[in-house]
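One structure is given below, encoded as structure tokens.
The basis for the numbers below is simple: all heavy atoms, side chains too, and nothing from hydrogens, waters or symmetry mates.
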Amino acid sequence: MEKSETENAIRSLSAIWFRTLTDKEMDHPTFRSFKAWLRQNGHGHTLDFHSAGGADHDAEVWFNEALRRRWRW
């Protein structure tokens with residue numbers, strides 16, 4: 001997949017995944033859990049793209065933005 005296609009997919013799938021969580025899980029959704037869900041549901045290929053900063057890093061940024069979670073460094 002192209003990086004732009006992957007970004008759209010990650011953002012969309014993040015919202016779908018979030019709706020599958022329990023109330024407790026919604027309090028602290030994790031990218032790690034999301035990645036596992038992607039792989040278990042046939043979407044693992046969305047994490048296979050070239051990125052200078054690393055595919056996992058970019059995917060996690062899109063995941064956080066999709067869930068409106070901004071981390072402070």
Side-chain angles (χ1 to χ4, degrees):
M1 293 180 79
E2 294 292 323
K3 188 174 176 181
S4 61
E5 292 174 312
T6 301
E7 179 179 358
N8 291 335
I10 293 292
R11 290 178 184 278
S12 176
L13 290 166
S14 294
I16 292 167
W17 168 79
F18 188 77
R19 290 191 299 267
T20 70
L21 301 179
T22 65
D23 289 340
K24 184 177 180 180
E25 291 170 324
M26 285 181 179
D27 288 340
H28 298 288
T30 65
F31 181 67
R32 184 176 174 185
S33 179
F34 173 64
K35 278 178 47 175
W37 179 86
L38 286 174
R39 291 187 177 112
Q40 291 169 354
N41 289 279
H43 301 292
H45 65 280
T46 60
L47 300 171
D48 297 331
F49 62 94
H50 177 72
S51 172
D56 269 6
H57 174 267
D58 287 350
E60 187 168 5
V61 168
W62 302 329
F63 166 82
N64 288 331
E65 288 176 354
L67 298 181
R68 291 180 175 72
R69 299 176 67 220
R70 309 279 189 212
W71 298 104
R72 294 179 190 239
W73 301 97

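Once rounded to the nearest 0.5 Å, the distance linking CG of N64 with CZ of F34 reads 10.5 Å. In this structure, I10 CD1 and E60 CD are separated by 11.0 Å, a value rounded to the nearest 0.5 Å.
Using the six-membered ring where Trp is involved, H43 and H45 have ring planes that are tilted, between 30° and 60° apart.
Applying the side chain to side chain donor-acceptor pair (under 3.5 Å) test to residues at least two apart or on different chains, the pairs with a partner in residues 11-23 are E7-R11, R11-E65, T22-E25. Applying the side chain to side chain donor-acceptor pair (under 3.5 Å) definition to pairs two or more places apart or across chains, those involving residues 46-59 are K3-D58, K35-D56, S51-D58.
For the pair F18 and P29, the tightest heavy-atom approach, listed with the atom from each and the gap, is CE1-CG, 3.9 Å. Contact record, W62 with T6: CZ3-CG2, 4.0 Å, taken as the closest heavy-atom pair. Considering all non-hydrogen atoms of both residues, L47 and A59 come closest at CD2-CB, 3.8 Å.
Taking the six-membered ring where the residue is Trp, the centroids of F63 and W37 are separated by 6.0 Å or more.
N8 is linked by a side chain to side chain contact (heavy atoms under 4.5 Å, CB included) to nothing, counting only residues two or more places apart in sequence or in another chain.
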